[in-house]
Amino acid sequence: MTFNNPRMAIWLFLMTTVVLFILLVTTVNLTRQENERLSLQARDNIMWGAAQIETDLQNLTTSLFRYGHSSSGVTKEDLQLRLDLLWSRLNVFRSGEAAQTIMVINDAPNMLDDIVVTLSKLESEILTLNDTDQARAIGLAEDLLALNPQAYGIGIEVFHFLNNETVRSRESLQAGMSHSIQYLIGILVCSLIIGVLWIFETRRANNYSRARDEALAEVQLASQAKSYFLASMSHELRTPLNAIIGFSEVMMGNVFGPIGVKYMDYAKDINQSGQHLLLLINEILDLSKIESRTIDLNFETVQLSQCINDCMTIIRPQAEKEGIIFTGDCLHNSTVEVHADPTRLRQVMINILSNAIKYNKPGGSVEIWCEENHQAGMGRIHIKDTGLGIPEEYKGIIFSPFSRDPRTTREKEGTGIGLSIASLLMESMNGEIGFKSMIGEGTTFWIDIPLVDNSAAACC
Amino acid sequence: MSWKFLPVFVVALIAISTHVDAGQNLAEPTGPIILVVDGNISHTNTAKSSRFDMAMLKKILSHTIKTETPWTDGMQTFEGPLLSDVLKSAGLTGVTIKAVAINDYAVKIPVSDTEKYPVILAHTLNGKVMPIREKGPLWVIYPWTDNPELRKETIYAKSIWQVKKLSIQ
């Protein structure tokens, strides 16, 4: 779990960065939209327009007053122009953005309506004025004067509204900018942490890998030392064994005169025990040589059928002694040629055949045959017995040294390293060994050896 | 004819030629004058001015701009001569156009604007002549819908309506 923690943290920060990035993009986008919305509005025009209503109302009023004084030179055309200009100001607030904006500004729409209604009433009177209507003109001017508070009021209302809007927009933009900066700092901090964690994690992984390599090297060194020790010890053990076996044979052969029946039995026991011990030592020696990679293999082209026949000849007496039916069929595959050390290949086959006979049931059978798999580039030998079968729990360890099926340990002699040697030898010869087994029905071992055609790539 | 009238004749000739130059083959307005265009020719510094009635403006090649504006609802079709063509027809060149409205509101429009965009002096909105009450008779229109970069207050401010005079500087 501790190994996973930095990676989980990196993932967590990465997700946070992605979320912050999405927030940043969204905020920037919203801020940009708000900015665009503001730029699309001609707000200053609204302020200007509101101020102009007042100005043009006063202009019309003044013109009317002056029209009332005949000496001023103001004509009916002047009045018409002033009226048109005032209407054009009022019309600004009847369409477009100005109309939409003024609708939401407190009393402004009402005040605008007051002016429009009054002006509509007075308009026909203004337009029908003639040169003798000075008093009426002044009266109309007085009526228009009464509209001044409304015209002034619209300006004030628009001014306050736009002020608030400006502050609100500015605050909104500032908030957007402030959030964007916060998200950006967040992204930077997260990126920094991810970077640091990444470096930390990489270093830790490197250290772990180095430690593992060192441990592996130590284990290999220890294994080699063990193998060297066993090899040299085995050699030292064989020397005294030669004396024990040799002299027991001398005694059994009555070379220096007859010995009693009891002594003869003892001599046989000594000889058998010696032979067993020698076999055990030889096997341990083989195992240690293979493990320490000091075994010498002499590769050559081997006729598989010939090799099988040799093994059958060697094993047949044992099969007959145990009452096992032993058959082999390699005649139709006589051309199969493999690349192997013939002595070691025979050793492997004899080992498996010997086990097949040893652990068979009385009256059982052992069958050996071979075939060729061109696609895999392998020759395959099958050895099938009708023995007890290998229990499920032992299937994984039968090629491990000194592992024996407890059901047969007491009845049958054996070291428990024969299959280990077979497996390691096949591995050394670029082959493979395996089996299929069913409890009560028996076991079929198979041995794969590279074909001659395939050997160049496989062994050299 | 006595030679003593020669200076008078020369002065009269110069006066007539200046007037012809200023008019640049422009016909005399017959209807009410709605636009005065004036300016200076840098090398003589002589004042010139041209007067237009609606018929004269309509004779200049008309250009149509379909656009939305902040002062109207929905898409509008404006029609009128290019501002640059109005200057050409008055025989004037310069870098800035000072546009003045009926109420003497004035703005300065860079001539470069009229070279970069088809800025028109609209006299027709949706096929109708614009009265003073509807921002007429002349309204400077930029093509906002086709050029989003024009949608800003400084450009809106240059879109002057009720134009009565253009002074080229």
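A note on names: the letters A, B, ... follow the listed sequences, proteins ahead of strands, and every chain is numbered from 1.
- Atom CE of Met15(A) sits in a sparse spot, with 12 or fewer heavy atoms from other residues, nucleotides or ligands closer than 6.0 Å.
- Under a cut-off of 6.0 angstrom, the local environment of NZ in Lys98(B) is sparse, with at most 12 non-hydrogen atoms contributed by other residues, nucleotides or ligands.
- Chain A is approached within less than 4.5 Å, heavy atom to heavy atom, by Ile102(B), Asn103(B), Tyr105(B) from residues 100-118 of chain B, ordered by number.
- Of the possible donor and acceptor atoms, one in the side chain of Ser95(A) sits under 3.5 Å from a partner among the backbone N and O of Trp71(B).
- Of all non-hydrogen atoms in Asp73(B) and Gly96(A), the two that sit nearest each other are OD1-N, 2.9 Å.
- Environment of NZ in Lys165(B): sparse, with no more than 12 heavy atoms of neighbouring residues, nucleotides or ligands closer than 6.0 Å.
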Go through it in stages, so that I can follow the logic: the residues are Gln162(B) and Asp84(A), the test is side-chain contact (heavy atoms from CB on, under 4.5 Å), and I'd like the CA-CA distance, side-chain angles, deciding distance and then a yes or no. CA-CA 11 Å; Gln162(B) 294 164 345; Asp84(A) 282 347; over 6 Å; no
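- Around OH of Tyr152(A), the count of heavy atoms belonging to other residues, nucleotides or ligands within 6.0 Å does not exceed 12.
- With a 4.5 angstrom heavy-atom cutoff, Trp144(B) does not touch chain A via any of its atoms.
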Please report the C-alpha distance between Arg133(B) and Leu90(A) in whole Å, then the side-chain angles of each, then the deciding distance to 0.1 Å, and finally whether the side-chain contact (heavy atoms from CB on, under 4.5 Å) criterion is met. CA-CA 9 Å; Arg133(B) 293 183 184 204; Leu90(A) 295 168; over 6 Å; no
